[in-house]
Amino acid sequence: MSVVLNFKSHISELFSLALRQVAPDHADVAILIERPKLASHGDYACNLAMQLAKPLRKSPREIAQALIAALPKSDVIGKIEIAGAGFINLVLTEAAKQQIVHAVLHAGAGYGHIHLGMGRKLQVEFVSANPTGPLHVGHGRGAAVGDCLCNVLHAAGWNVTREFYYNDAGVQIDNLMRSVQLRCKGITPQDSSWPEDGYRGDYIADVARAYMDRETVEADDQHFTGEGDPDDEGAIRRFAVAYLRREQDLDLRAFNVEFDVFSLESQLYRDGHVENVVQQLIASGHTYEQDNALWLRTTDFGDDKDRVMKKSDGGYTYFVPDVAYHLEKWKRGFVRVINEQGADHHSTITRVRAGLQALNVGIPKGWPEYVLHQMVTVLKNGEEVKISKRAGSYVTLRDLIDEVGCDATRYFLAARHPDSQLIFDIDLAKSKSNDNPVYYIQYAHARISTVLEIWGGERLSLINADVSLLNGEYEIALLQHLIDYPQVIENAAMDLAPHHVAFYLKELAAAFHSYYNASRFLVDDEATKCARLALIAAAAQVMKNGLALLGISAPEKM
RNA sequence: GUCCCCGUAGUUAAAUGGAUAUAACCGCCCCCUCCUAAGGGGCAAUUACAGGUUCGAUUCCUGUCGAGGACACCA
């Protein structure tokens with residue numbers, strides 16, 4: 001039997017050939033193969049006949065007959081039926097399903113990797129918090145979603161660059177510098193002279209103390225030694241930025257997130273990219289001067305009003321360096337750029353794209369792409385914990401990781417659709433109970449590890465198992481879940497929705513737990529034992545692969 | 001007021017335009033002489049409202065209502 005790794009695309013090809021024969025004039029109709037919800041509708045279903053009914057002016061069932069007759073023979077298909085309004089339902093042979101065990105054990109960590117991206121360059125920019133304080137839960141959601149997305153896109157065959165962009169020179173940084181400087185001079189937020197928009201958190205005092213003690217801080221992308229001079233504003237600014245960048249690096253490391261590239265806004269100015277972009281925009285004819293300011297006519301590109309580029313005080317508004325930054329990304333050769341941000345920044349999308357369009361350098365209209373996550377509220381003891389950076393009342397990402405653990409925190413932040421608002425219930429995430437899907441999934445993996453350990457044989461030898469013995473109800477169900485995995489990667493990559501992986505893993509774990517409860521693996525019959533162990537070893541492999549995409553550990557014991 | 005996003009069992013959430021909308025939690029009833037009960041098996045319950053497009057709509061379009069967010073020459 002030929003080995004088929006992706007049944008869906010295999011079947012899709014068969015229908016494509018049949019379509020060309022039955023309706024050559026409509027060969028461009030998109031062929032949709034789906035997994036029916038009901039087992040009685042087979043393993044895969046095709047709705048092609050219904051799509052063709054209108055253009056061909058024939059009944060769907062009649063067309064279905066013709067398509068089935070024209071379908072090339074395939075030894076993976078066991079049964080074909082016409083059902084309902086004109087669905088063509090296909091059932092795979094047991095042998096076709098069983099061979100997935102060999103495929104998974106052969107491919108190992110590589111099982112599920114597909115060639116969607118074909119090695120093309122893609123960048124995901126995420127977190128991108130300014131160095132004005134520790135990371136909070138909102139950044140955590142960005143980190144979890146962004147990092148999982150990167151993992152998924154990598155598995156889908158893209159050459160992924162993880163990037164973190166931050167502003168190290170703007171108004172907020174001045175604010176930070178002033179707050180630290182005041183602390184250096186012994187002034188606290190309780191004093192009446194403390195500025196309204198100053199940062200009030202205790203961590204500002206830590207920065208000030210470290211600066212005065214002439215500490216050296218090393219962040220992933222920079223390091224600096226404190227001067228200890230409370231009047232040297234430049235030194236305070238650089239020290240504070242380096243200090244808080246280091247804090248964020250520690251947060252991210254505790255969260256298992258690493259970046260390939262850090263980009264600084266100040267660098268865009270230093271390299272002249274901002275000035276160049278302004279000149280190019282002026283040359284494009286999409287700008288005008290009014291009220292002592294320079295405006296970009298973003299309404300030419302779908303914005304609801306024009307935006308100021310250069311303020312009357314001579315400074316640029318934030319979106320100008322943003323446009324310059326994205327022009328640089330484009331020049332760096334990224335076929336796709338995906339920005340993962342909080343939904344509160346959604347207004348930047350139109351402006352950045354408008355600026356890039358105005359440059360008229362061949363950048364596609366929908367470039368860059370955006371994944372926006374909605375707000376996170378934190379619940380503890382049934383009460384909402386308010387987040388306010390300036391007031392200093394705060395749930396930091398590190399607090400969460402310390403209290404809940406990295407695995408559960410990542411799971412809860414990444415397992416929901418980014419579009420929906422998220423309530424992070426600390427007590428639920430901490431609970432080691434049925435309510436907690438993280439443990440449910442990890443437990444399945446640990447259970448398999450235990451069985452294989454008791455068996456004591458060499459896992460690789462299971463590749464020789466006689467998988468034709470795997471024909472029980474629970475075994476077939478588990479096989480089907482293993483078959484589905486590459487499709488999950490594809491869907492998650494296409495939708496930019498890593499939560500699909502989390503849901504899939506819950507279902508895979510459920511299929512395993514049911515099997516576990518219904519049967520024994522370490523039976524006397526050698527062939528049966530090996531077949532079953534091969535199946536659960538393959539299941540463990542897929543769990544491990546999927547958990548790795550979420551950045552969650554796959555424990556051997558719990 | 002304009003823009004973005006959301007509205008699905010009592011609760012928290014799934015569902016590439018497909019067939020009888022899927023899980024978990026809560027509640028009730030069962031299952032450890034067993035490779036981990038952090039498990040399994042059952043019962044009950046859902047698409048905010050009104051139109052439209054479609055052979056077919058939770059999904060797409062329009063409107064209404066409701067929750068959240070964004071609307072600076074802030075980032």
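Bear in mind the structure is a predicted one, so any value in this text is a computation, not a measurement. Numbers restart at 1 for each chain; the letters A, B, ... are given by sequence-line order, proteins then strands. Side chains are part of it too, since the values below use all heavy atoms of this structure and drop only hydrogens, waters and symmetry mates.
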Find every protein N or O atom lying less than 3.5 Å from an N or O atom of nucleotides 31-35 of chain B, and list the pairs.
{"residue": "B/C35", "atom": "N3", "partner": "A/Phe521", "partner atom": "N", "Å": "3.1"}
{"residue": "B/C35", "atom": "N4", "partner": "A/Ser519", "partner atom": "O", "Å": "2.2"}
{"residue": "B/C35", "atom": "N4", "partner": "A/Arg520", "partner atom": "N", "Å": "3.4"}

**Message:** Side-chain N or O of A/Tyr440 versus OP1/OP2 of B/G40: is the shortest distance under 4.0 Å?
**Reply:** yes
**Message:** With side-chain hydrogen bond (donor to acceptor under 3.5 Å, both in side chains) as the test, pick out the partner of A/Tyr325 among A/Glu163, A/His273, A/Gln267.
**Reply:** A/Glu163
**Asked** Any luck finding a side-chain donor-acceptor pair between A/His345 and A/Asn339 under 3.5 Å?
**Response** no
**Prompt:** Rounded to whole angstroms, how far apart are CZ on A/Phe503 and P on B/A14?
**Reply:** 5 Å
**Close side-chain approach of A/Phe424 and A/Thr409, heavy atoms under 4.5 Å** = yes
**Request:** Using whole Å, report how far CG of A/Leu244 lies from P of B/A75.
**Result:** 19 Å
**Prompt:** What nucleic acid atoms does A/Gln442 come within less than 4.0 Å of, heavy atoms only: base, sugar-phosphate, or nothing?
**Reply:** nothing
**Watson-Crick/G-U partner (both atom distances under 3.5 Å) of B/G27** = B/C43
**Watson-Crick or G-U wobble partner of B/U20, both distances under 3.5 Å** = none
**Request:** Find the partner of B/C32: check Watson-Crick (N1-N3 plus N6-O4 or O6-N4) and G-U wobble (N1-O2, O6-N3) distances, both under 3.5 Å, and reply none if neither fits.
**Result:** none
**Prompt:** Using a cut-off of less than 4.0 Å, is there contact between a side-chain N or O of A/Lys8 and OP1 or OP2 of B/U16?
**Reply:** no
**Prompt:** What nucleotide among B/C73, B/U16, B/A67 has an atom nearest to a side-chain atom of A/Leu32?
**Reply:** B/U16
**Asked** Across all strands shown, which nucleotide pairs with B/A50 by Watson-Crick or G-U wobble geometry, both distances under 3.5 Å?
**Response** B/U62
**Prompt:** Using a cut-off of 4.0 Å on non-hydrogen atoms, how would the nucleic acid contact of A/Ala444 be classed: base, sugar-phosphate, or nothing?
**Reply:** nothing
**Prompt:** For A/His513 and B/G40, do the ring centres fall under 5.5 Å apart while the planes stay under 30° apart?
**Reply:** no
**Request:** May I ask you to check whether A/Tyr515 and A/Phe521 place their ring centers less than 6.0 Å from one another?
**Result:** yes
**Prompt:** When we call it a touch if two heavy atoms are under 4.0 Å apart, what does A/Ala293 touch: a base, just sugar-phosphate, or nothing?
**Reply:** base
**Request:** Whole angstrom is fine here: how far is it from CZ in A/Arg351 over to C1' in B/A75?
**Result:** 11 Å
**Asked** Considering only B/C73, B/U58, B/A70, which nucleotide approaches the side chain of A/Lys311 most closely?
**Response** B/C73
**Prompt:** From B/G69, B/C74, B/C5, pick the nucleotide closest to the side chain of A/His346?
**Reply:** B/G69
**Prompt:** Heavy atoms, side chains only, cut-off 4.5 Å: are A/Glu475 and A/Arg532 in contact?
**Reply:** yes
**Item:** Presence of A/His499 side-chain N/O under 4.0 Å of B/A15 phosphate oxygens OP1/OP2
**Value:** yes
**Prompt:** Going from NZ on A/Lys544 to CD on A/Gln541, what distance comes out if it is rounded to the nearest 0.5 angstrom?
**Reply:** 6.5 Å
**Asked** With a non-hydrogen cut-off below 4.0 angstrom, is A/Ala446 in contact with a base, only sugar-phosphate, or nothing?
**Response** base
**Fill in**
A/Tyr316 OH to B/A72 P, in whole Å, measures 22 Å
**Message:** Looking at the base of B/A19, is there any donor atom on it, or on the side chain of A/Asn89, that sits under 3.5 Å from an acceptor on the other one?
**Reply:** yes
**Message:** Considering every strand and a 4.0 Å limit on heavy-atom distances, what is the contact class for A/Leu533: base, sugar-phosphate, or nothing?
**Reply:** nothing
Could you pull out the protein-nucleic contacts involving nucleotides 54-57 of chain B (nitrogen or oxygen on both sides, under 3.5 Å)?
{"residue": "B/C55", "atom": "OP1", "partner": "A/Lys54", "partner atom": "NZ", "Å": "2.6"}

**Request:** Using atom CG of A/Asp484 as one end and atom C1' of B/U16 as the other, report the distance to the nearest whole Å.
**Result:** 13 Å
**Complete:** With A/His373 as partner, the option from A/Arg141, A/His417, A/Glu340 fulfilling side-chain hydrogen bond (donor to acceptor under 3.5 Å, both in side chains) is A/Glu340
**Item:** B/A57: pairing nucleotide in any strand, Watson-Crick or G-U under 3.5 angstrom
**Value:** none
**Asked** What do you reckon, is CD of A/Glu34 surrounded by more than 12 foreign heavy atoms closer than 6.0 Å?
**Response** yes
**Fill in**
The glycosidic conformation of B/C32, counting syn as within 90° of 0 and anti otherwise, is syn
**Message:** Under the rule for ring pair (Phe, Tyr, Trp, His ring centres under 6.0 Å), what residues qualify as partners of A/Tyr504, not counting sequence neighbours?
**Reply:** A/Tyr485
**Asked** Taking the side chain as C-beta and beyond, is there a heavy-atom pair between A/Trp295 and A/Lys305 under 4.5 Å?
**Response** no
**Message:** Looking at B/A24, I'd like to know if its phosphate oxygens (OP1 or OP2) sit under 4.0 Å from a side-chain N or O belonging to A/Lys506.
**Reply:** no
**Request:** Find the partner of B/G1: check Watson-Crick (N1-N3 plus N6-O4 or O6-N4) and G-U wobble (N1-O2, O6-N3) distances, both under 3.5 Å, and reply none if neither fits.
**Result:** B/C71
**Message:** Using whole Å, what does the distance between atom C1' of nucleotide B/C74 and atom NE2 of A/His345 come to?
**Reply:** 10 Å
**Message:** In this structure, how many angstroms lie between the P atom of B/C6 and the CD1 atom of A/Ile423, rounded?
**Reply:** 17 Å
**Complete:** When A/Met558 and A/Ser312 are each assigned the nearest nucleotide of RNA chain B, the 5'-most assignment goes to A/Met558
**Prompt:** Are A/Phe7 and A/Asp43 side-chain neighbours, meaning at least one heavy-atom pair lies under 4.5 Å?
**Reply:** no
**Request:** Report yes if at least one side-chain N or O of A/Thr348 is closer than 4.0 Å to OP1 or OP2 of B/C4; otherwise report no.
**Result:** no
**Prompt:** Closest to the A/Asn167 side chain: B/G68, B/U16, B/A75?
**Reply:** B/A75
**Asked** Please walk me through it: do A/His513 and A/Tyr440 pass ring pair (Phe, Tyr, Trp, His ring centres under 6.0 Å)?
**Response** CA-CA 9 Å; A/His513 283 309; A/Tyr440 184 79; 4.7 Å; yes
**Message:** Output the rounded distance in Å from CG (A/Leu379) to P (B/U12).
**Reply:** 11 Å
**Message:** So, under a plain 3.5 Å distance rule, would you say the side chain of A/Ser347 forms a donor-acceptor pair with the base of B/C3?
**Reply:** no
**Asked** Checking all strands, does A/Asp291 fall into the base, sugar-phosphate, or nothing category for heavy-atom contacts under 4.0 angstrom?
**Response** base
**Prompt:** Hey, does the side chain of A/Ser514 come within less than 4.0 Å of B/G41's phosphate (OP1/OP2), counting only N and O?
**Reply:** yes
